[in-house]
Each structure stands twice: as structure tokens, then as C-alpha cells.
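Encoded as C-alpha cells, the structure appears first; notes follow it.
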Amino acid sequence: MTPTLSQLKTSATCTALKCKECGAEYELKATHVCEMCFGPLEVVYDISALKRTVTRETIQAGPNSIWRYRPFLPVLTEQYIDVGTGMTPLLKSHRLARQLGLKNLYIKNDAVNMPTLSFKDRVVSVALSRARELGFETVSCASTGNLANSTAAIAAHAGLDCCVFIPADLEAGKVIGTLIYSPTLMAVQGNYDQVNRLCSEVANTHGWGFVNINLRPYYSEGSKTLGYEVIEQLGWELPDHIVAPLASGSLFTKIYKGFQEFIEVGLVADKPVRCSGAQAEGCSPIAKAFKEGRDFILPVKPNTIAKSIAIGNPADAVYALDIARKTNGNIESVTDAEIVAGMKLLAETEGIFTETAGGTTIAVLKKLVEAGKIDPDEKTVVYITGNGLKTQEAIQDAVGEPLTIEPKLDSFERALERSRTLDRLEWQPVLV
Ligand SMILES: *Cc1c(COP(=O)(O)O)cnc(C)c1O
């Protein structure tokens, strides 16, 4: 028997949208700013219902995807879109840890997230599930690349019309990785912040569901699963320290929110977690504000190879700054050369090919360790959020070339000898 809508609704634990600044509450509609004070809206949950109904066992009995945490996600029905997003590996690092002098390092590997190999699949799975419940037929986004991949792919799966916007200068892997799903793709001649401004206008005139604009309160909740999964994968324990990349700052603030919710509901024992953030120097408004002790950012024009995290006017900067400060974390930035070296270091020590955002995070991890800002004994989790196959341009000149040989044994032997000589002379792994 098909359940009625009201029966479906009773299983929902989210109750309203609430302004993060003034606390005004709204219905769970497609809206993202407070009409009173223009503050951002966030989903609120019935915590006592969560305490009554959710246990470690009910979670573990759920699907092997982000939807095992469904009571903590803003969908009202069981008709959510499950394309296998989430439950990516949490690897105990051995070789990278030793190289950095850390004893307790873990790598959360969203470079292999499904379906499009970045953490954005988490936020889009949630946003499009809610978009469909709200009756949207066309979905859209303002993207730095990965979000366009994810929105186009999951919209295709769900049979939704899709029109996505990107800056025109993105990597080929991000453009082709969107076009393959046949959305309408708008390549805007401008940077992300200009793309975002244009999309806000389109959202007002076309009545589309923009995952990171009018659906942003739902979208951003998807990132909490990066916090939940780490707790579960550590054996229901919090880490001591996390390092994650910052673009808008949403991911960073929601990992923290995820930790707080599991503490509040009694799924994990409370303890302090230090939250540190990573930016590329060519777009580091949040890192600059952190270092200069400001609680507001000065917008910048991005100029870095880390395009996926190049947001010059980040929406959640204030909250990210607050979390880094109150948890005794840090926000650090690294150069493009350090980002490339970070990508190589992770690949050479752990066999993980991450994109520029991951290179940024690894390079910041290294910088924080060297500055004594991460203790070797701290249980540290570094978040790798995207896949290197999408940003090949960034490392093309840094990976060397294959040895081209004839299909003959002596040609192979000569090439092998040459490569061993080269190894001794110049093929030391590049360290930052
Ligand atoms: C979008 C993105 C981020 C950061 O996202 P925010 O939530 O806007 O801070 C990090 N890494 C990758 C690979 C991304 O695509």
C-alpha cells in the first residue's frame, strides 16, 4: 500500500529552516536568506526525536551510503536519490604519516566518491532529493567545476532537467565531465563570484532549483555526512584534529555541525576536536582574515591552479573563522608550487591521485606539522575532496614522461638502465 503524504511526513525529523543570525524560523521551502536580517538559513531537527529513534545499530542497518544518516538529512519522504554516494574509505596512513612525522594520521578519501569522484556528490544527492520533493523540474547550480559534474550526473539519474553554470576557464576534465550528461552548460566569461551573482538573478526569474542558492540550506547539510562517517569509521570516536579545504567554507562548518549533532544525540562521546582549514594562496581571503585576527573577509580576485576552491567572496567565511578559532585550529594557505608538490606527495606515499584542492589540503597539513601546529600524537583526519584525473593540466609538467621503447628486449634493457641512472640523479620525490 502506498503511504499517504502525511504518513511519509511523520518519519521526517527536520522541522524548519532557521536564520543563523536572528533565529527567525521558516517553512522547509526553497529559500536561503532571512527576510528579517538577510542572514543564512539552516535546517533544524527535532533532537529529542533523534535521541528516541536513532542508535548506532539503526545507522549500521541502513544503506551503505550517506542515506544511512537519513534522519539527520533534510528530506521529508523516503523518495531520496541514492546513487551510492558516501561511505568512502577512511585510510590509516602509514607512509605519508611517517614522512610527516605523524603517528595517527587518517585520510578520508572522497576522490573516489560516487558518482562523480568528489565530495560534491554528497551535497547534490541531498539537494536534488529535496528539489524533487519540492516539485522542481529544472535544477541548476553556480559551480567551480565539481558541482557541475555532480549536479548534471545526479539530475540525469533522477530524470530532472539541468542547466549549470561554470567559469569559462575550467579544466577540460571538469567540462567534459559535465557535458557527458547532456545538461545545458553555460560557460560564463568571468570568475566564480561573477557566475554566482548571475545565477542569483536567474534563480529569481526562472523558478529553477539552484542547489547552492535557493536550495542551499538542504545542499549544505549533505556535508555533515563527512563528519558522521569519520566518527563511525573511527569506531564511534571523534578525531582530535581535522584538516579540510575551504572554498565557500560550507563543507568545513558542516563537518563541525555533524560532530556536534552526534555528540548531542549521544552517538559519540564528547571531546574537543581542533578544526583546521586549507586555502590556496592565490585565493585565500579566509586564511588572511584568520592570520590578521579579523572576523570578516576582504573579497579577492582568484588566481590559482586550485580552481575548485577559488571563491573570492566566500559565503560561510564568518562561521568557518569562528569554528577554527574556538576549536583552537588554524587556517593556512599554500602556493601553487606547494599544491603540486602536495598532489605528488599524496600519490607517491599513499597511491591516491587527488586534484588541486587535495594538493592544497596535503600541503597545508605539512605546513601545520612543520610549524608545530599539529601534534604528532593527535588523531588527525585529512579530507581529500576531489580526484586528480579531473585536473591533469595542473601536474602535466611535474610528472615526467614515459620511456618510449621499441618492442624489443634490448631496447627495454637500455631504457631501464637509463631510468635507473636518472632515478639516482634527479628523480628524488619532490618535497615542499
Ligand atoms: C567545492 C569544493 C570544496 C569546498 O567547498 P565549500 O563547501 O564551498 O567550502 C573542496 N574541495 C573540492 C574538490 C570542491 O569541489
Side-chain angles (χ1 to χ4, degrees), residues 40 42 88 108-113 116-124 126-127 141-151 153 164 166-167 170-171 173-174 177-178 192-193 195-196 211-213 216-227 242-258 275-280 283-287 297 302 304-321 323-324 331 333 339 342-343 346 352-364 382-391 394:
E42 192 164 61
T88 55
K108 180 61 172 166
N109 186 10
D110 260 19
V112 294
N113 203 7
T116 69
L117 310 177
S118 88
F119 106 89
K120 289 295 195 309
D121 293 328
R122 298 174 183 275
V123 283
V124 174
V126 174
C141 66
S143 173
T144 56
N146 284 315
L147 187 58
N149 295 171
S150 212
T151 302
V164 289
I166 53 171
L170 285 192
E171 304 93 341
K174 302 260 167 85
T178 300
Y192 172 81
D193 299 281
V195 174
N196 192 42
V211 300
N212 57 340
I213 302 178
R216 191 173 178 84
Y218 309 105
Y219 156 98
S220 58
E221 290 288 285
S223 290
K224 295 188 307 184
T225 58
L226 275 172
I242 62 150
V243 183
L246 302 167
S248 70
S250 173
L251 156 78
F252 185 78
T253 58
K254 292 293 177 157
I255 292 173
Y256 177 79
K257 189 185 182 208
C275 298
S276 292
Q279 293 211 290
C283 185
S284 51
I286 312 180
I297 61 113
T304 169
I305 58 168
K307 295 176 195 281
S308 60
I309 50 171
I311 297 184
N313 190 12
D316 293 299
V318 187
Y319 306 111
L321 283 165
I323 289 167
I331 300 177
S333 63
I339 292 168
M343 292 168 75
L346 184 65
I352 296 173
F353 185 13
T354 185
E355 65 147 80
T356 46
T360 305
T361 312
I362 293 294
V364 163
V382 63
Y383 284 91
I384 298 303
T385 49
N387 192 295
L389 288 170
K390 296 192 199 181
T391 62

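Numbering of ligands and ligand atoms starts at 1, following listing order.
- For Lys254 and Glu42, the salt-bridge test passes: some basic side-chain N is under 4.0 Å from an acidic carboxylate O.
- In this structure, the side chains of Lys120 and Tyr219 come closer than 4.5 Å at one or more pairs of heavy atoms.
- Leu321 is listed as a side-chain neighbour of Ile331, based on a closest heavy-atom distance under 4.5 Å.
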When you pair each N or O of ligand 1 with protein N or O atoms, which pairs come out under 3.5 Å?
residue	atom	partner	partner atom	Å
ligand 1	7 (O)	Leu251	N	2.8
ligand 1	8 (O)	Ser248	N	2.9
ligand 1	8 (O)	Ser248	OG	2.6
ligand 1	9 (O)	Ala247	N	2.9
ligand 1	9 (O)	Ser248	N	3.2
ligand 1	9 (O)	Gly249	N	3.0
ligand 1	11 (N)	Thr385	OG1	2.7
ligand 1	15 (O)	Lys120	NZ	2.8
ligand 1	15 (O)	Asn146	ND2	2.9

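- Between the side chains of Asp110 and Thr88, at least one donor-acceptor pair of N or O atoms lies under 3.5 Å.
- Looking only at side-chain heavy atoms (C-beta outward), Lys174 and Asn149 come within less than 4.5 Å of each other.
- The residue from Asn113, Asp121, Thr178 that alone fulfils the side chain to side chain donor-acceptor pair (under 3.5 Å) condition with Ser150 is Asp121.
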